[in-house]
Amino acid sequence: GKRLERLTANVKKVSGLDLNFKVYNVVDVNAFACGDGSVRVCGGLMKIMDDDEVFAVIGHEIGHVLHTDSKDAMKQAYLTSASKNAVGAANNTVAAGAVSGTVSKLTDSQLGDMAQALAGAQYSQKQEYEADEFGFQFCIDNGRDPYGMSNSLNKLLQLSESEAKSSKFMQMFSSHPETQKRADRVKEKA
């Protein structure tokens with residue numbers, strides 16, 4: 001948690017969105033961000049990536065939120081995860097805005113369920129490219145290595161090739177469209 005605190009010390013707000021960060025102490029290689037500004041990074045990702053790569057991934061996830069890609073994914077995740085029971089009957093209508101507002105009130109295990117459901121979310125190639133661009137720019141704007149985004153994608157690619165496909169989180173990355181092409185694009189930009 002200390003490393004993430006240090007990494008994100010100067011990033012408390014992006015485009016009017018107040019951000020809060022937390023590490024999940026699990027081996028999964030994953031990260032996600034929600035519409036309420038909650039950014040969650042799994043310990044497994046912190047372990048295999050350097051600071052610039054972690055920072056780029058965080059930027060990528062924030063990009064999905066700011067482009068509202070994650071609203072529909074979040075709505076779907078909310079409907080399919082156990083966390084819907086925790087939020088209570090008050091939110092019978094699952095508006096994306098209402099859902100993102102509830103995230104900060106969920107417990108870690110409920111958020112874990114949400115993360116798992118979100119891992120199954122499919123983003124289009126265009127959405128991924130836009131989030132990559134955001135992560136790339138996020139690094140530059142904050143004085144980080146512009147190669148952070150392409151390096152992080154290449155690490156995920158290597159991992160998805162070497163790991164068993166059984167892990168839900170590995171499936172997430174292997175199902176991301178054309179990771180190599182994305183890595184090459186942001187490397188070219190850098």
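Remember, predicted model here, so these are calculated numbers, not experimental data. Hydrogens, waters and symmetry mates play no part in the numbers below; they use all other heavy atoms, side chains included.
Listed by first and then second residue, the salt bridge (Lys or Arg N to Asp or Glu O under 4.0 Å) pairs involving residues 135-145 are Asp52-Arg144 (not counting sequence neighbours). Pairs engaging residues 1-10 under the salt bridge (Lys or Arg N to Asp or Glu O under 4.0 Å) rule: Arg3-Asp51, Arg6-Asp51 [sequence neighbours left out].
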List the steps, then state whether side chain to side chain contact (heavy atoms under 4.5 Å, CB included) holds for Leu4 with Lys22.
CA-CA 7 Å; Leu4 189 66; Lys22 192 171 184 181; 5.5 Å; no
Residues Arg40, Asn20; criterion side chain to side chain contact (heavy atoms under 4.5 Å, CB included); working and verdict
CA-CA 8 Å; Arg40 300 295 176 257; Asn20 66 86; 2.9 Å; yes
Could you walk me through whether Phe55 and Val11 satisfy the side chain to side chain contact (heavy atoms under 4.5 Å, CB included) test, starting with their C-alpha distance in whole Å, then the side-chain angles of each, then the deciding distance to 0.1 Å, before giving a yes or no?
CA-CA 10 Å; Phe55 202 82; Val11 211; 3.7 Å; yes
Under the criterion side chain to side chain contact (heavy atoms under 4.5 Å, CB included), I'd like the reasoning laid out for Leu19 against Thr8: C-alpha separation, chi angles, the key distance, then a yes or no.
CA-CA 9 Å; Leu19 301 171; Thr8 59; over 6 Å; no
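Expressed to the nearest 0.5 Å, how far CG of Asn154 lies from NZ of Lys187 amounts to 7.0 Å. To the nearest 0.5 Å, the span separating CG on Leu45 from CG on Leu159 amounts to 9.5 Å. Atom NZ in Lys12 sits 6.0 Å away from atom CZ in Phe21 (nearest 0.5 Å).
In the hydrophobic clustering of ILVMFWY residues, with side-chain heavy atoms under 4.5 Å counting as a link, Ile58 and Leu66 come out together. Note: the hydrophobic cluster containing Met49 does not contain Leu157 (ILVMFWY, side chain heavy atoms under 4.5 Å, direct or indirect links). At a threshold of 4.5 Å between side-chain heavy atoms, the hydrophobic network of Ile, Leu, Val, Met, Phe, Trp and Tyr places Val54 and Val23 in one connected group.
With a 6.0 Å radius and a threshold of 12 heavy atoms from other residues, nucleotides or ligands, Lys126 has its NZ atom at or below the threshold.
Nearest approach of Phe138 to Val14, heavy atoms of both residues: CE1-CG2, 3.8 Å. Contact between Ala190 and Pro146 at its shortest, heavy atoms only, is CB-O, 3.6 Å. The minimum heavy-atom distance between Val39 and Ala33, with the atom names listed, is CG2-CB, 4.1 Å. Ile48 and Lys155 get closest at one heavy-atom pair: O-NZ, 2.9 Å. Minimum interatomic distance between Gly148 and Ala56 (heavy atoms only, all atoms of both residues): C-CB, 3.6 Å. For the pair Ser152 and Met149, the tightest heavy-atom approach, listed with the atom from each and the gap, is OG-O, 2.8 Å.
Qualifying ring pair (Phe, Tyr, Trp, His ring centres under 6.0 Å) partners for Phe136, counting only residues two or more places apart in sequence or in other chains: none.
Among the candidates Gln158, Arg185, Lys181, Arg182, the single residue satisfying the side-chain contact (heavy atoms from CB on, under 4.5 Å) test with Leu153 is Arg182.
Using bins of under 30°, 30° to 60° and over 60° for the plane-to-plane angle, the ring pair His60/His64 lands in the perpendicular bin. Using a 30° and 60° split on the angle between ring planes, Tyr24 and Phe32 fall in the tilted class, from 30° to 60°.
The side-chain heavy atoms of Val41 and Val57, taken from C-beta on, include no pair separated by under 4.5 Å. Looking only at side-chain heavy atoms (C-beta outward), Lys47 and Val27 stay at 4.5 Å or farther from each other. When side chains are defined from C-beta on, Glu53 counts as touching Asp50, because their heavy atoms get closer than 4.5 Å.
Remark: side-chain polar atoms of Glu130 are not paired, donor with acceptor, to backbone N or O of Gln127 under 3.5 angstrom.
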